[in-house]
Amino acid sequence: MNRDANLAQLASASEPFDLLIVGGGATGLGAAVDAASRGHRVALLERDDFAKGTSSRSTKLVHGGVRYLRQGNISLVLEALRERGRLALNAPHLVHDLAFVIPNYNWWEGPFYGIGMKVYDQLAGKLGLAPSRMLDREETVELLPTVETEGLTGGVIYHDGQFDDARLAVSLALTAVELGAVVVNHCPVVGLIKERSAVCGVLARDAESGRELTVRARCVINATGVFVDELRRQDDPGARPLVAVSQGIHLVLPKRFLPGSAAIMVPKTADGRVLFAVPWHDRVVVGTTDTPLAAASVEPRALDEERDFVLEHARKYLRTDPADADVLSVFAGLRPLVKAGDGADTAALSRDHTIVVGESGLVTITGGKWTTYRKMAEDVIDHAEMVAGVENRRSHTETLQIHGWTRAAIPEANLRPYGADAARIRALMTTDPDLAAPLHPALPCRRAEVVWHAREEMARTVEDVLARRTRALLLDARASIEAAPAVAALLAAELGRDEAWQRTQVAAYTALARGYVFTDPASRGRM
Ligand SMILES: Cc1cc2nc3c(=O)[nH]c(=O)nc-3n(C[C@H](O)[C@H](O)[C@H](O)COP(=O)(O)OP(=O)(O)OC[C@H]3O[C@@H](n4cnc5c(N)ncnc54)[C@H](O)[C@@H]3O)c2cc1C
């Protein structure tokens, strides 16, 4: 995947693209893969980097959504469980089965959640994972050695999927490119082009050179997540807002706080929220919250109330209380929820996706979940084909293997998310043993990965590498700051950048990553 070559293709296109997608998160990348797999000519422009927005800040679950079952949204759960099964088959290198245990502290919780999870199993049908069952107290403690045992009566175990969200996004970008799509990151869309009131392309800016580009297309798809209303208002200044923004935060803790392989799921905290503590890349991710926000921002920050909620609950359900200094990273993400009424209670808003076609032909898609990105893509491309006036073709993504697909066991944990590409990264380390060295003693990544990111995965900045190609920013924000100069040097050698560029990159990354260090005031948000 070569950015310069893709930019040149954009600039030299003599004919309009069939479809142009704005936004390189789960929704836009899924749409690019779907459209390209149908044989359409597709371009995708991402303002920042793939998965820079919500799509790198999820709870990392490929799930039906136990909480939607509780809300009675059976059709959403059914669709998500079907998609969970498909994604596990199409990207086995990125999605795996994870056991979740609901610890019970009241006599009625065992039978109550036991029955609920049986319904969940049934809904998954043929694509189901291992069946759920009730656990006695000893079995619960065996699976969750650090769970709070005071008042514990037993538990319920069920299975769901887990994934690396940003790595899936990069793999989708690679898949789209392999299918013929032209995909460019660091290229914001700054305006819409219209002819006789119909949208027929966009004005974009290459953020590296500052050069403006005009890209024409028969249909433009707005897949900009929490920012969809910005583009909709450019199209129609009177457009009513579609999206309500809801923030969710996570804390990342060292693995010792949840040393087993099972996750904890609390279906209803005292104030009615859902809480997860999930093992991920040898750490524990704890979250989340659901806080309505008045406006979206590119780098959201956890509010005091959210930090307190998650930490207090981690202390409540874990036997050893994590201290502030134990938190390796704090990250916040913004859900693009489809607005209903005044949108005051975002927890009750639908997680279904919505597609809106404006009078100008601008197609907007928002809402949904990472888990259902493939179905969302299929739906939006069905709509976009009609707007573009191109042949209506069948989607092939139900069984399409995602870049890196392999079922081979990969011994090195850090290379597993690369799937089949692991062999080529290993080969880099064999050719140049210096590249086999770790980036940082506290991080599970090797120097060769950075070279790979620059050569094959369109990484352009230190942040692209540390936040999304590796997950260093989330795994240990402080260590990632210390690794930044080494990453800048490796990238500079690959991309032909000078020392001044390296210094600017390190400074920019340090400023950003301080916002993920729990004890740094920069990590605190304001309402
Ligand atoms: C806290 C939290 C936890 C979640 N957990 C889960 C989970 O465990 N499982 C699950 O299935 N789902 C989960 N979700 C939901 C899931 O993460 C989102 O539904 C999904 O990531 C949304 O993807 P998106 O592509 O619509 O938006 P985004 O990922 O935000 O992508 C939009 C992209 O558009 C780009 N963009 C914006 N403006 C422009 C422009 N002018 N030009 C070019 N590009 C532009 C942005 O930079 C961004 O990259 C969670 C969400 C949150 C907030």
Side-chain angles (χ1 to χ4, degrees), residues 20-32 43-68 76 80 83-84 87 95 98 160-163 165-166 168-169 172-173 184-192 202-205 207 215 220-232 234 243 245-250 263 274 276 278 280 285 287-291 293 296-300 302 306 310 331-338 346 351-354 364-374 376-377 380 468:
L20 186 141
I21 298 157
V22 189
T27 309
L29 290 165
L44 179 145
L45 302 181
E46 161 54 45
R47 171 168 70 189
D48 205 295
D49 184 29
F50 311 119
K52 160 75 183 182
T54 310
S55 298
S56 58
R57 301 156 187 269
S58 78
T59 313
K60 329 294 180 202
L61 304 181
V62 180
H63 61 162
V66 173
R67 102 196 217 156
Y68 315 125
L76 177 63
E83 290 303 320
R84 178 188 77 177
L87 189 53
V95 179
L98 185 67
D160 240 327
Q162 188 189 39
F163 75 134
D165 48 11
L168 178 57
L172 286 173
V184 181
N185 58 359
H186 299 286
C187 193
V189 165
V190 292
L192 293 170
V202 301
L203 200 63
R205 189 168 38 78
V215 188
V220 173
I221 300 176
N222 174 11
T224 53
V226 285
F227 298 101
V228 286
D229 288 323
E230 282 183 10
L231 210 58
R232 288 178 67 244
Q234 283 199 32
V243 158
V245 179
S246 157
Q247 175 159 289
I249 74 138
H250 294 88
V274 180
F276 288 99
V278 185
W280 188 67
V285 176
T288 181
T289 53
D290 210 323
T291 311
L293 291 190
S297 60
V298 176
E299 268 300 331
E306 295 179 293
V310 177
F331 63 97
L334 303 178
R335 295 179 190 86
L337 302 181
V338 181
T346 48
R351 264 59 174 168
D352 284 333
H353 64 274
T354 291
T364 296
I365 174 160
T366 194
K369 321 191 317 157
W370 238 123
T371 307
T372 54
Y373 85 90
R374 192 211 61 81
M376 293 168 67
V380 77
R468 293 169 293 273

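In listed order, ligands and their atoms are each counted from 1. Sequence positions, counted from 1, serve as the residue numbers for this chain.
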Any idea which atoms of ligand 1 are less than 4.0 Å away from a heavy-atom of Gly23? 33 (C), 34 (O), 35 (C), 44 (N)
Tell me whether Gly368 has any N or O atom under 3.5 angstrom from an N or O of ligand 1. yes
Under 4.0 Å to a heavy atom of Gly248 - the qualifying atoms of ligand 1, by number: 1 (C)
Between Arg57 and ligand 1, does any nitrogen or oxygen pair lie at a separation below 3.5 Å? no
Under 3.5 Å, is there a donor-acceptor pair between the side chain of Thr354 and the main chain of Thr366? no
Could you tell me whether a side-chain N or O of Glu83 sits under 3.5 Å from a main-chain N or O of Thr372, the two making a donor and an acceptor? no
Answer yes or no: is there an ion pair linking Arg232 with Asp229, defined by an N-O contact shorter than 4.0 Å? yes
Exactly one of Leu192, Val220, Val215, Leu45 should register a side-chain contact (heavy atoms from CB on, under 4.5 Å) with Val22. Which one does? Val220
Where do Ser56 and Arg468 come nearest, in terms of heavy atoms and distance? CB-CG, 4.1 Å
Between Arg335 and Asp290, is the closest basic N to carboxylate O distance under 4.0 Å? yes
Is there a donor-acceptor contact under 3.5 Å from the side chain of Lys60 to the main chain of Ser58? yes
Look only at the side chain of Trp370 and the backbone of Ala26, and say whether a donor-acceptor pair between them is shorter than 3.5 Å. no
So does Asp48 get a backbone contact from the side chain of His186, meaning a donor-acceptor N/O pair under 3.5 Å? yes
Compare every heavy atom of Thr224 with every heavy atom of Asn222, then report the nearest pair and how far apart it is. OD1-OG1, 2.7 Å
Using only atom types and a distance under 3.5 Å, with no angle test, would you say the side chain of Arg57 pairs donor to acceptor with the backbone of Ala332? yes
Residue pair Lys369 / His63: nearest heavy atoms and the distance that separates them: NZ-O, 3.0 Å
What part of Thr288, side chain from CB on, backbone N/CA/C/O, both or neither, has a heavy atom under 4.0 Å from ligand 1? side chain
Could you establish whether His250 and ligand 1 come within less than 4.0 Å of each other, counting only heavy atoms on the residue side? yes
Is there any N or O on Arg335 that sits under 3.5 Å from an N or O of ligand 1? no
Under 4.0 Å from a heavy atom of Lys60: give me the atoms of ligand 1 that qualify, with their elements. 8 (O)
Within reach of ligand 1, part of Ala223 (heavy-atom separation under 4.0 Å): backbone
Heavy-atom gap Val22 to ligand 1 smaller than 4.0 Å: yes
Heavy-atom nearest neighbour in the protein, as seen from atom 39 (C) of ligand 1, with distance rounded to 0.1 Å: Thr224 CG2, 3.6 Å
Of all the non-hydrogen atoms in the protein, which one sits nearest to atom 23 (O) of ligand 1, and at what distance? Ser55 OG, 3.1 Å
Which part of Leu334 is near ligand 1, with near meaning a heavy atom under 4.0 Å away: side chain, backbone, both or neither? backbone
Looking only at side-chain N and O atoms, does Thr291 offer a donor or acceptor that is under 3.5 Å from a partner on Glu306? yes
Ligand 1 versus Leu45, non-hydrogen atoms closer than 4.0 Å: side chain, backbone, both, neither? backbone
So, regarding Glu46 and ligand 1 (criterion: nitrogen or oxygen to nitrogen or oxygen, under 3.5 Å), is there a contact or not? yes
Going by the atom numbers of ligand 1, which of them fall below 4.0 Å from some non-hydrogen atom of Gly333? 53 (C)
closest protein heavy atom to atom 7 (C) of ligand 1 is Leu61 O, 3.5 Å
Protein heavy-atom partner closest to atom 13 (C) of ligand 1 - residue, atom, separation in Å: Ser58 CB, 3.9 Å
Any atoms of ligand 1 less than 4.0 Å from a non-hydrogen atom of Gly225? List them with their elements. 26 (O), 27 (O), 32 (C)
Give the residue and atom name of whichever protein heavy atom lies nearest to atom 42 (N) of ligand 1, and the separation in Å to one decimal. Val189 N, 3.0 Å
Donor-acceptor under 3.5 Å (Trp280 side chain, Thr59 main chain): no
Would you mind checking which non-hydrogen protein atom is closest to atom 18 (C) of ligand 1, with the distance to 0.1 Å? Thr54 CG2, 3.9 Å
Could you check atom 44 (N) of ligand 1 against the protein and tell me its nearest heavy-atom contact, residue, atom and distance included? Arg47 N, 2.9 Å
For atom 5 (N) of ligand 1, what's the nearest protein heavy-atom neighbour? Residue, atom name and distance, please. Thr59 N, 3.0 Å
